[in-house]
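Each chain gets a letter, A, B and so on, in the order the sequences are listed, and its residues count up from 1. Reckoned from all heavy atoms, side chains included, excluding hydrogens, waters and symmetry mates.
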Amino acid sequence: MALLEVNGLSAAVDGQPILQGIDLTIEEGSTHVLMGPNGAGKSTLGFALMGNPRYEITGGSIRFGGEEITELSADKRAKAGMFLSFQNPVEVPGVSLSNFIRNAEHMQTGQPVKLFGFQKQMKSAMELLSMDETYADRDLNVGFSGGEKKKAEILQMLMLKPRLAILDETDSGLDVDAVRTVSQGVRAFQQEGHGALLIITHSTRILEALHVDTVHILVKGRIVETGDAALIEEINARGFERFTQEA
Amino acid sequence: MSGQEKQTVADVDRTLYDFKDDESGSSFYRIEEGLTRDIVLQVSEEKHDPDWMRDFRLKCLEIYQNTPMVPWGPSIEALDMDRIATYVRHKSDMKTSWEDVPEEIKNTFERLGIPKAERESLAGVGAQYDSELVYHNVREEVAQTGVVYTDLESALRGEYAEMIRAHFMHLVPPTDHKFAALHGAVWSGGSFVYVPKGVHVDIPLQSYFRLNAKGAGQFEHTLIIVDEGADLHFIEGCSAPKYNVANLHAGCVELYVKKGAKLRYSTIENWSKNMYNLNTKRALVEEDGIMEWVSGSFGSAVSYLYPSTILKGARSRMDYTGITFSGEGQDLDTGAKVVMQGEDTSCVISSKSITKSGGIGTYRSSVMIGRTAHRARASISCDSLMLDSISRTDTIPAMEVLTDDADIGHEARVGRISDEAVFYLMSRGVPEADARAMIVAGFADSVSKELPLEYAVEMNNLIKLEMSGG
Ligand SMILES: Nc1ncnc2c1ncn2[C@@H]1O[C@H](COP(=O)(O)OP(=O)(O)OP(=O)(O)O)[C@@H](O)[C@H]1O
Ligand SMILES: [Mg+2]
């Protein structure tokens with residue numbers, strides 16, 4: 001049984017149709033890459049999968065872990081094991097990064113999170129991501145640089161251990177070293193956590209150290225091509241021209 | 001907010017503040033409603049006032065009768081003084097041990113967690129029930145440093161009688177406004193604190209005010225003198241059960257911060273929503289003195305509350321951090337006032353307001369920089385968070401500057417909870433209601449950070465309670 005099964009998913013925002021019949025199947029522990037030109041609907045797909053109420057599902061269905069989740073609210077999807085790393089993480093004043101993660105963990109599991117073990121895990125995850133420890137006590141994303149915000153997203157992913165993580169351009173805005181660091185974090189999630197991934201990206205650097213199973217090309221709200229890692233090379237060399245012409 | 005604290009927050013019980021104790025029995029003495037010369041004389045007699053105090057009360061009554069209502073601010077038309085009992089007390093004396101406090105009153109304070117807080121984290125506690133202090137105690141080791149913390153009545157007759165006479169209603173004269181005059185006429189209860197020169201009281205003193213009687217007024221007077229180089233943190237808590245008739249709170253707080261001294265005055269106010277809270281608080285700060293106000297206003301139907309500070313001495317400082325939460329049926333007019341007189345004086349006012357379900361929150365401030373206050377610095381910021389579109393928030397800052405070298409900063413922001421932020425938190429597994437509460441608590445965080453832990457937790461509980469519509 002597949003972890004994620006999307007069938008004929010259509011979605012609109014502000015009454016404007018964006019996604020038009022997406023089919024997508026992601027197996028437990030596998031890594032998928034989603035590429036496509038600006039405005040194609042990649043972030044929209046991420047939001048629709050995660051349950052952002054602004055994105056209205058106008059057709060199709062989403063199954064996760066064998067359960068129908070199309071109507072579930074975002075928090076219930078998170079509890080089921082979904083995670084979205086935002087293209088633009090939101091600043092939340094007055095809520096510290098570490099307290100927030102601990103709270104989220106508590107709410108997902110229903111179990112109080114023991115402080116000692118939690119702090120140990122945070123410390124090692126932050127080390128892996130070369131994040132200064134002091135960030136744990138800072139307000140969630142407030143005043144974080146673009147790159148720091150992305151690292152904080154991956155930190156949350158490592159701590160919350162979802163079954164499927166959707167990474168929406170987590171690599172964009174990162175410097176060369178940061179891309180490598182974040183990529184290590186993603187690798188740890190892939191290999192140690194056996195988590196499945198849907199990586200939305202415009203660049204290939206984050207993928208260099210990762211094993212990729214499947215690549216999808218999204219153009220104008222439709223998946224126009226699905227293939228193996230070789231597709232990435234092709235896009236790198238020739239861009240999306242072939243697909244946009246067909247679409 | 002850790003996982004565990006969160007659980008405490010979720011467990012909040014709405015009945016925490018709203019339980020009523022029956023006072024119809026014969027163990028309570030209640031003066032008849034209204035305000036006449038006879039009633040004022042009766043209060044005075046009840047309290048065994050010295051002569052000067054009795055005369056002072058009568059003078060205040062006269063001022064009250066000749067002073068018009070304030071022409072601005074929320075309406076208090078529904079407040080009918082003829083229906084307010086100005087004096088209600090239990091027929092027992094003040095105790096210094098919780099054991100001796102009458103059972104029904106002790107239970108009230110147990111439920112509010114006061115004796116526990118005293119054992120764990122306070123240097124002294126005063127507990128007022130209706131018009132009188134029912135309990136007053138200060139830790140032995142604190143008393144030994146010469147710190148005086150007692151009820152004002154006994155202080156009026158004891159060794160500090162002269163000191164009190166020299167300060168009582170000098171900072172807030174009865175001519176200040178109508179309710180200051182009313183306070184002067186019928187005041188009862190409250191505390192007197194004196195911290196001698198150079199003494200640092202490391203843990204806070206607390207007074208808790210409970211107005212339990214229906215259709216009554218509470219008029220406690222708090223007088224604090226922090227002598228040169230001394231340091232004190234004083235906490236004030238208030239609550240009352242809800243009745244369908246108006247209750248009135250017109251307390252008065254007078255604070256004297258001497259040369260190089262520091263006083264922090266923290267309040268968590270959760271009066272019931274039939275309360276008219278017309279409280280006057282004022283501080284006078286000498287050279288190099290520091291006055292810090294931390295204020296959380298959650299309750300009452302109508303509040304007029306503007307802690308004021310006179311920065312008289314050179315280099316004296318004032319810091320105000322306040323938050324007001326106005327829900328359904330509440331019209332809360334709060335803010336801060338400062339009069340700067342000394343050279344190089346400075347003040348920082350940081351005010352937050354949350355409005356919900358049609359509540360009205362008005363921030364009103366006044367900063368006056370006098371001719372002598374050279375190089376004065378003032379920084380004012382107010383942030384409002386509106387939780388829906390039927391609520392109202394206003395900002396009315398006034399400023400008068402009589403020097404040409406003042407440094408003034410002012411900023412005001414009005415915001416709403418963004419759907420984007422709610423979704424972000426929800427995508428991490430936080431249910432929508434908790435996500436909203438988390439954002440609101442985060443907004444209030446700069447204020448809860450200023451409070452001792454137990455009070456910060458209580459404030460988060462109150463926010464959670466208000467958010468759930470309680
Ligand atoms: N909240 C919104 N309001 C209005 N239009 C939106 C909204 N979200 C997406 N759109 C529109 O939907 C289309 C798809 O946007 P989306 O953000 O999904 O693209 P994307 O593939 O992620 O692009 P990029 O590579 O630039 O991140 C765009 O035309 C965009 O303008
Ligand atoms: Mg995008």
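The 12-atom threshold is not exceeded at CZ of Arg187(A), counting heavy atoms of other residues, nucleotides or ligands nearer than 6.0 Å.
Proximity to chain B is limited to the side chain of Leu140(A), based on heavy atoms less than 4.5 angstrom apart.
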Item checked: Full working for side-chain contact (heavy atoms from CB on, under 4.5 Å) between Met459(B) and Ile268(B) -> CA-CA 7 Å; Met459(B) 194 171 106; Ile268(B) 288 286; 4.2 Å; yes
Kindly determine whether Glu420(B) and Ser418(B) satisfy side-chain hydrogen bond (donor to acceptor under 3.5 Å, both in side chains), including the steps that lead there. CA-CA 5 Å; Glu420(B) 215 194 349; Ser418(B) 85; 4.7 Å; no
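Contact annotation: the side chain of Ile200(A) never approaches that of Leu45(A) to less than 4.5 Å [non-hydrogen atoms, C-beta and beyond]. Proximity of Asp333(B) to Ile396(B): side-chain heavy atoms (C-beta onward) are nowhere separated by under 4.5 Å. Two residues are said to be in side-chain contact when any heavy atoms from C-beta on lie closer than 4.5 Å; Lys281(B) and Tyr265(B) meet this criterion.
Counting heavy-atom pairs closer than 4.5 Å to chain B, the top-ranked of the candidates Gly94(A), Pro93(A), Ala78(A) is Gly94(A).
Nearest approach of Leu160(A) to Ala104(A), heavy atoms of both residues: CD2-CB, 4.1 Å. In terms of heavy-atom proximity, Thr393(B) sits nearest to Ser353(B) at OG1-OG, 3.8 Å.
Identified by a heavy-atom distance below 4.5 Å to chain A, the contributing residues of residues 421-431 of chain B are Ala421(B), Phe423(B), Tyr424(B), Leu425(B), Met426(B), Ser427(B), Arg428(B), Gly429(B), Val430(B), Pro431(B), in residue-number order. Contacts of residues 323-331 of chain B with chain A at a heavy-atom distance below 4.5 Å are absent; not one residue qualifies.
With Lys150(A) contributing its side chain and Ser172(A) its backbone, the two residues share a donor-acceptor pair below 3.5 Å.
A salt bridge links Glu432(B) with Arg436(B): at least one charged nitrogen is closer than 4.0 Å to a carboxylate oxygen.
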